[in-house]
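Contents: one structure, followed by commentary.
This is a predicted model, so every value here is computed, not measured.
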Amino acid sequence: MSGGVEPETPPGSSSRSGGSTPVGGKPPRHHLTSIRHCASSARIAAASAEFGLDSGTLSLISPPADIRPGFLPVFRSGSFADIGPKSYMEDEHVCVDNLVEHLGLRVPGIPAPGAFYGVFDGHGGADAACFVRKNILKFITEDCHFPNSIEKAIRSAFVKADHAIADSQSLDRNSGTTALTVLISGRTLLVANAGDCRAVLGKRGRAVELSRDHKPSCTVERLRIENLGGTVFDGYLNGQLAVARAIGDWHMKGSKGSACPLTPEPEFREVRLTEEDEFLIIGCDGLWDVMSSQFAVSMPTHPLKSRSHDSEYEEASQWKGCIR
């Protein structure tokens, strides 16, 4: 599944809009980067003396290492789901490219632009994944910590969804799901992950992993599990589950609020988006079991780079990134 990030087109320049097809090319370069500084400091000093100038007023201004002033991302997304060999689909996803428009006036104080994406890999039935997809954003935005402390709101929402499944009379409380959400506000991208879904950022063709797969055999997770009285057998938590964190699965948990080897609490990763960030890929283990993060990033990167043979300055005004 996917969502997208593209820089705002500078005023007065042409742009292409809409659609889920990526428009390639290189990100716009700061105008100062095109200046070729060939004068040595000695020559500058000599020129200053000749014309009676204060050499302290002559300097070579380097462009910001980050991004141009006023940069804000714009979002678009696309998604794909494949049932594989299963008899029915247990996985869910959500794409909200315009969070302000989606929530309307119900939640004041949301930074703009904003977006929300999620992947939920269900197991033991579709109930848990379907419930989390329908309710997780509502749980986040209705939490008392939102929007002042978004990380606390998301952590609380994951636990609330877990408890709601336990209390439900209509859902199979033994079904479970991993959950990975991406909430973007302004230039801040916050990934929350519980399970083995993965978020990978494409940054100038390079894969940057923004989440950690919560496999029971992972050293950190195995130690956490064993410290809470659980075991890891043949890569499975208590010999039953292939993930160390999940929402639902109440046949493997104790009473609500008790410490349990299988936890719904997510891990977080926050990044500040720049013009070098081209797209984000989020997907369940069905994708990452068959390809590396770098290979997945290279697939959409290639057509983006193929446009770089056109005029660099033309492409600078039209470049867009997207989440694939």
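Glu221 is linked by a salt bridge (charged side-chain N to carboxylate O under 4.0 Å, His left out) to Arg212, Arg224, Arg245, counting only residues two or more places apart in sequence or in another chain. Checked against side chain to side chain contact (heavy atoms under 4.5 Å, CB included), Thr219 has the following partners two or more places apart in sequence or in another chain: Arg222, Leu223. Qualifying salt bridge (charged side-chain N to carboxylate O under 4.0 Å, His left out) partners for Asp162, counting only residues two or more places apart in sequence or in other chains: Lys253. For Asp196, the side-chain hydrogen bond (donor to acceptor under 3.5 Å, both in side chains) test picks out Lys215, with sequence neighbours left out. Remark: Ala207 engages Val200, Ser293, Gln294, Val297 in a side chain to side chain contact (heavy atoms under 4.5 Å, CB included) (not counting sequence neighbours). With sequence neighbours left out, Ser292 forms a side-chain hydrogen bond (donor to acceptor under 3.5 Å, both in side chains) with no residue at all. Legend: residues meeting side-chain hydrogen bond (donor to acceptor under 3.5 Å, both in side chains) with Arg173, ordered by chain and number and at least two apart, are absent. Judged as a side-chain hydrogen bond (donor to acceptor under 3.5 Å, both in side chains), and not counting sequence neighbours, the contacts of Glu265 are Arg155. Applying the side chain to side chain contact (heavy atoms under 4.5 Å, CB included) rule to Met291 yields the partners Leu287, Phe295, Ala296, Met299; only residues at least two apart in sequence or on another chain are considered.
Using a 4.5 Å heavy-atom cutoff, the side chains of Ile83 and Lys86 are in contact. With contacts defined as side-chain heavy-atom distances shorter than 4.5 Å, the pair Leu210/Leu189 qualifies. Between Thr181 and Val191, the closest side-chain pair of non-hydrogen atoms is not below 4.5 Å. You'll find the side chain of His93 reaches within 4.5 Å of the side chain of Cys95, heavy atoms only. Side-chain contact between Ile282 and Tyr117: present, with at least one pair of heavy atoms (C-beta onward) separated by less than 4.5 Å. Looking at heavy atoms from C-beta onward, Leu180 lies out of side-chain contact with Phe120 at the 4.5 angstrom threshold.
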Subject >> salt bridge (Lys or Arg N to Asp or Glu O under 4.0 Å) evaluation trace for Glu209 with Arg198 >> reply: CA-CA 8 Å; Glu209 294 184 352; Arg198 190 184 304 171; 3.7 Å; yes
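When hydrophobic residues (I, L, V, M, F, W, Y) are linked wherever their side-chain heavy atoms come within less than 4.5 Å, the members clustered with Val232 are Ile225, Leu237, Leu241, Val243, Met252, Leu262. Val159 forms part of no hydrophobic cluster, judged by ILVMFWY side-chain heavy-atom separations under 4.5 Å. Applying the 4.5 Å side-chain rule to ILVMFWY residues, one finds that Leu228 remains a lone member of its cluster.
Summarising the geometry of Arg187 relative to Pro73, their closest heavy-atom pair is CG-CD, 3.7 Å, with the distance given to 0.1 Å. Pairing each heavy atom of His214 with each of Glu267, the nearest pair is NE2-OE1, 2.8 Å. Residues Gly176 and Asp249 share a closest heavy-atom pair of CA-OD2, 3.4 Å. Summarising the geometry of Ile247 relative to Ala179, their closest heavy-atom pair is CD1-CB, 4.0 Å, with the distance given to 0.1 Å.
To the nearest 0.5 angstrom, Ile136 atom CD1 is 6.5 Å from Phe116 atom CZ.
No more than 12 heavy atoms of other residues, nucleotides or ligands lie within 6.0 Å of CZ in Phe233, so this atom counts as exposed by the packing criterion.
Salt bridge Asp277/Lys203: present, at least one basic N to carboxylate O contact under 4.0 Å.
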